[in-house]
Structures are given as structure tokens and as C-alpha cells.
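Here's the structure we're looking at; comments come further down.
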Amino acid sequence: MKIYVVYYSMYGHIHRMAQAVSEGAQEVQGAEVIVCRVPETLSPEILEKMKALDAQKELSHIPLCTVDELESADAILFGTPTRFGNMCGQMRQFLDATGQLWMKGAWVGKVGSVFTSSNTQHGGQEATIISFHFTLLHQGMVVVGLPYAFQGQMRTDEITGCSPYGASTIAGGKGERMPSENELEGARFQGKHVATIASKLTK
Ligand SMILES: Cc1cc2nc3c(=O)[nH]c(=O)nc-3n(C[C@H](O)[C@H](O)[C@H](O)COP(=O)(O)O)c2cc1C
């Protein structure tokens, strides 16, 4: 059973969440977990202006994903930062190149799930995940979120991401906040939950 964690991260927040998602998926027997990034679409000049070059260097050891390899996925967990309440352009461009998989019905009946990050607490996390689901549904995927069985999303004693739609983290106005233990726990839960469902579907 192949579980892919496919993500884009500009400053490292989604990268950290992807690690936790992967840890959760690995807990399920028979899961082979592959973590990869979607290709960058911005020029080094723009990335420098966005103060993203150092973070990008740190992520350079994570392999880049190809559309072709995803044909064999049994489940895919997609991670994207919020961009104006939507997925990032890098992820959009990657998904727009999956038309050949759609033609073959490669992802029909496969599990799809989304996690995200935004700077502000109400900056569009749910909108990002739900609007991402449209693409997964067009691909025929079985959409999976983060059930309330992950009780950490009920917390009000601390500021936290995560919703029934998927795990999330709040990066802070300047990106200064890294995912909290509760948010990482939500990401691990989602990874394990997706792999568990994929395992039942592949039997
Ligand atoms: C063009 C652009 C649009 C953004 N739009 C939003 C937004 O709508 N709401 C929000 O809270 N944060 C927004 N952000 C902040 C990003 O979501 C934040 O940098 C990201 O979640 C950090 O994750 P990363 O380190 O994995 O890239 C935006 C950032 C950029 C560059």
C-alpha cells in the first residue's frame, strides 16, 4: 500500500506538518510512505524578495514529486499553505498537470486528504482545504478529513489549528510560530486515519 505525502512549503511550516502526517501513516501495517514536494514555480529573484531562499535550501533534500509516480498511489495526503484562502499556485500547477491521470481514472476510489497552514487564525484554512476537495472529487477520490475522534481540535485552552476538514497550523503574522504539539498530533492522526482507510479499501 503506497501512501504519498505531497506538499509545498515556502518557509517550513507545511514541511513540519508533512513529517508528522508521514509518522502517523507509518504506524499502519503495510504502509509504504513516500514524502515528496511539488516543484517550485517562482524564480529565485522572487523567492529572495519573499525571504524564502534559506528555507528552500533546507528543504532541498526532499525529493520532487512527479505526476507519473502518483499513478500507483493508494492514498495521497496533500499539504499546502493558504494563499488568499486557497491552495498555493505551485500545488495548483502540479494538479493541473494530472489530466492524464484523470483520463485513466487513476485516482478513482483512492483516498485523498488535505492539510494546511496560514499566518492568521481565521485566515482561510477551512476554505483552503474545502476548495482543494473539489479537485479531489473531480478525480474520483474518497475524501477524508480529520474526525473529531482527534479530540485536540476541541481545545480552547490554547490557540490551535485543526478542523474536521483537516490538520492545520497557524504560522503567525511573520511566520514566527512553528506547529504546536497539538497541531502535530492532529497531523499524525490524519496520516494514520488516511492509511487505515486506504488499507481497508485495498483489501
Ligand atoms: C501570496 C500569499 C498569500 C497568503 N494568503 C494568506 C491568507 O489568505 N491567509 C493567511 O492567514 N495567510 C496567508 N499567507 C501566509 C501563508 O499561508 C504562510 O506563509 C504559510 O502558511 C506558511 O507555511 P509554509 O512555511 O509551509 O510556506 C499568504 C502568503 C502569501 C505569500
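For ligands, and for the atoms within them, numbers begin at 1 and follow the listed sequence. Residue numbers start at 1 and run along the sequence shown.
Contact between Gly175 and ligand 1 is absent, with no heavy atom of the residue lying under 4.0 Å from the ligand. Contact analysis puts Met50 in contact with ligand 1, with a non-hydrogen atom separation below 4.0 angstrom.
Between Glu185 and Arg155, no side-chain nitrogen of the basic residue sits less than 4.0 Å from a carboxylate oxygen of the acidic one, so the salt-bridge criterion is not met. A salt bridge is defined here as a Lys NZ or Arg NE, NH1 or NH2 lying under 4.0 Å from an Asp or Glu carboxylate O, and Arg188 with Glu181 meets this definition.
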### Query
Going through the checks in order, is the side chain to side chain donor-acceptor pair (under 3.5 Å) test met by Arg92 and Thr135?
CA-CA 10 Å; Arg92 182 71 266 163; Thr135 302; 3.1 Å; yes
### Task
Please assess Glu69 against Lys2 for the test salt bridge (Lys or Arg N to Asp or Glu O under 4.0 Å), listing each intermediate value before the final yes or no.
CA-CA 11 Å; Glu69 71 180 296; Lys2 277 191 182 172; over 6 Å; no
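Closest to atom 21 (O) of ligand 1 among all protein heavy atoms lies Ser117 OG, 2.7 Å. Distance from atom 26 (O) of ligand 1 to its nearest protein heavy atom, with residue and atom name: Ser9 OG, 2.6 Å. Looking at atom 2 (C) of ligand 1, its nearest protein heavy atom turns out to be Arg83 CD, 3.4 Å. Considering only non-hydrogen protein atoms, atom 19 (O) of ligand 1 sits nearest to Asn119 OD1, 3.5 Å. Regarding atom 27 (O) of ligand 1, its nearest protein heavy-atom neighbour is Met10 N, 2.7 Å. With respect to atom 28 (C) of ligand 1, the closest heavy atom belonging to the protein is Thr82 O, 3.5 Å. Gly123 O, 2.8 Å is the protein heavy atom nearest to atom 9 (N) of ligand 1. Atom 25 (O) of ligand 1 has as its closest protein heavy atom His13 ND1, 2.7 Å.
At distances below 3.5 Å, not a single donor-acceptor pair connects side-chain atoms of Thr80 with backbone N or O atoms of Met87.
Against a heavy-atom cut-off of under 4.0 Å, Thr120 is close to the following atoms of ligand 1: 10 (C), 11 (O). Listed by atom number, the atoms of ligand 1 under 4.0 Å from Phe84 heavy atoms are 1 (C), 3 (C), 4 (C), 5 (N), 6 (C), 7 (C), 8 (O).
A distance of 11.0 Å separates NE2 of His133 from OG1 of Thr128, quoted to the nearest 0.5 Å. If you take CD1 on Ile130 and CD on Gln125, they are separated by 11.5 Å, rounding to the nearest 0.5 Å. In this structure, Cys36 SG and Ile34 CD1 are separated by 7.5 Å, a value rounded to the nearest 0.5 Å.
Ring orientation note: the planes of His61 and His15 are nearly perpendicular, at an angle over 60° on the 30°/60° scale.
Taken together through direct or relayed side-chain contacts under 4.5 Å among Ile, Leu, Val, Met, Phe, Trp and Tyr, Ile197 and Trp107 form parts of separate hydrophobic clusters.
Polar contact with ligand 1: absent for Tyr8 (N/O pair, distance under 3.5 Å). Taking any N or O of Ala171, backbone or side chain, none lies under 3.5 Å from an N or O belonging to ligand 1.
By heavy-atom distance, the residue among Ala18, Pro81, Gly85 lying nearest atom 20 (C) of ligand 1 is Pro81.
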